[in-house]
Amino acid sequence: MYSLYALLKVVSGISLHPAHADGEIKTLADTKHAVMMTTSDGLELLLHLGLDTVELDGKPFDALIKIGDKVKAGTPLVTMDLEAIRAAGKKATVITVVTNMDKVANIEVNSTENVTAMDTVAKITLS
């Protein structure tokens, strides 16, 4: 089972990492606003950082990983400058997508209102 955590901090930037998921980085957008990883169990996770942030050409992001990197649970992947994103008129919403739902038996979503850093927002059980 995997847990997805809210990775939020009330500071100028946040660091994103997969919770309880060892895996490999498969894709990193040139603009650093999106990362695709495959966990050691074969679950494919897409992390999309912000809304319409592709238009910022990577400026508010710092990729701490590269394609092909093997990562352990808790490894920071990308930092994003929240103030710069908001100053550009964009939203700093982070979207996590499971792209191979055929491997998923169940997703249990917890409350998504008023979450804080490291709150579990969902649990995924593989089939």
Side-chain angles (χ1 to χ4, degrees):
M1 181 180 307
Y2 292 91
S3 295
L4 299 179
Y5 290 94
L7 301 173
L8 309 171
K9 294 182 183 175
V10 186
V11 293
S12 63
I14 63 174
S15 179
L16 301 172
H17 59 83
H20 302 294
D22 295 346
E24 181 177 349
I25 303 302
K26 296 295 187 176
T27 305
L28 173 62
D30 291 339
T31 54
K32 300 174 274 187
H33 78 287
V35 177
M36 173 76 83
M37 71 172 285
T38 302
T39 69
S40 55
D41 291 332
L43 187 67
E44 296 171 355
L45 298 173
L46 169 66
L47 302 174
H48 191 279
L49 315 178
L51 303 180
D52 294 326
T53 52
V54 66
E55 298 169 0
L56 302 178
D57 201 30
K59 290 180 180 81
F61 303 105
D62 184 24
L64 307 175
I65 42 78
K66 63 186 180 309
I67 296 171
D69 280 359
K70 306 278 195 246
V71 295
K72 295 286 187 189
T75 301
L77 304 179
V78 178
T79 60
M80 57 192 283
D81 184 334
L82 299 178
E83 290 177 12
I85 291 168
R86 291 180 185 128
K90 307 298 179 189
K91 297 217 183 268
T93 304
V94 176
I95 302 166
T96 303
V97 179
V98 176
T99 62
N100 60 340
M101 286 297 295
D102 57 311
K103 292 201 64 111
V104 175
N106 185 50
I107 297 180
E108 176 187 329
V109 178
N110 298 333
S111 175
T112 57
E113 295 181 29
N114 300 318
V115 295
T116 58
M118 300 309 291
D119 283 352
T120 299
V121 294
K123 292 182 181 178
I124 300 171
T125 304
L126 300 179
S127 51

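Worth knowing before you read on, the calculation uses all heavy atoms, side chains too, and leaves out hydrogens, waters and symmetry mates.
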message: For a quick test of reading the model, state the closest non-hydrogen atom pair linking A34 to H48 and the distance between them.
response: CB-CD2, 4.3 Å
- prompt: Hey, are K90 and E55 close enough for a salt bridge, meaning a charged N less than 4.0 Å from a carboxylate O?
  reply: yes
query: Heavy-atom distance under 4.5 Å between the side chains of L43 and D41, does that happen here?
result: no
Side chain to side chain contact (heavy atoms under 4.5 Å, CB included) partner of T93, chosen from T53, L49, L51, I85: L51
message: Grouping I, L, V, M, F, W and Y whenever their side-chain heavy atoms are under 4.5 Å apart, do L45 and M36 come out in a common cluster?
response: no
query: If you look at every heavy atom in K26 and I67, which pair is closest and at what distance?
result: O-CG2, 3.5 Å
message: Hydrophobic clusters here meaning ILVMFWY residues chained together by side-chain heavy-atom distances under 4.5 Å, can you tell me if I124 and M101 are in one?
response: yes
Gap between atom CG of L47 and atom CG of L77 - 0.5 Å precision: 6.5 Å
- prompt: Can you tell me how far the CD1 atom of I95 sits from the CG atom of L46, to the nearest 0.5 Å?
  reply: 8.5 Å
field: Between CG on residue D102 and CG on residue L126, distance to nearest 0.5 Å
entry: 10.5 Å
message: Quick one, V98 and K103 - any side-chain contact, counting heavy atoms below 4.5 Å?
response: no
query: What are the two closest non-hydrogen atoms of F61 and K32, and how far apart are they?
result: O-NZ, 3.4 Å
message: Quick check for you: to the nearest 0.5 Å, what is the distance between K70 atom NZ and I25 atom CD1?
response: 10.0 Å
task: Identify the two heavy atoms, one from A92 and one from L82, that lie closest to each other, and give their separation to 0.1 Å.
output: CB-CD2, 3.5 Å
statement: For L28 and A63, the nearest pair of non-hydrogen atoms, with its separation, is CD2-CB, 3.7 Å
field: Heavy-atom side-chain proximity of V94 to M80 below 4.5 angstrom
entry: yes
- request: Using the side-chain contact (heavy atoms from CB on, under 4.5 Å) rule, take L56 and T31 through it: C-alpha gap first, then chi angles, then the decisive distance, then the call.
  value: CA-CA 8 Å; L56 302 178; T31 54; over 6 Å; no
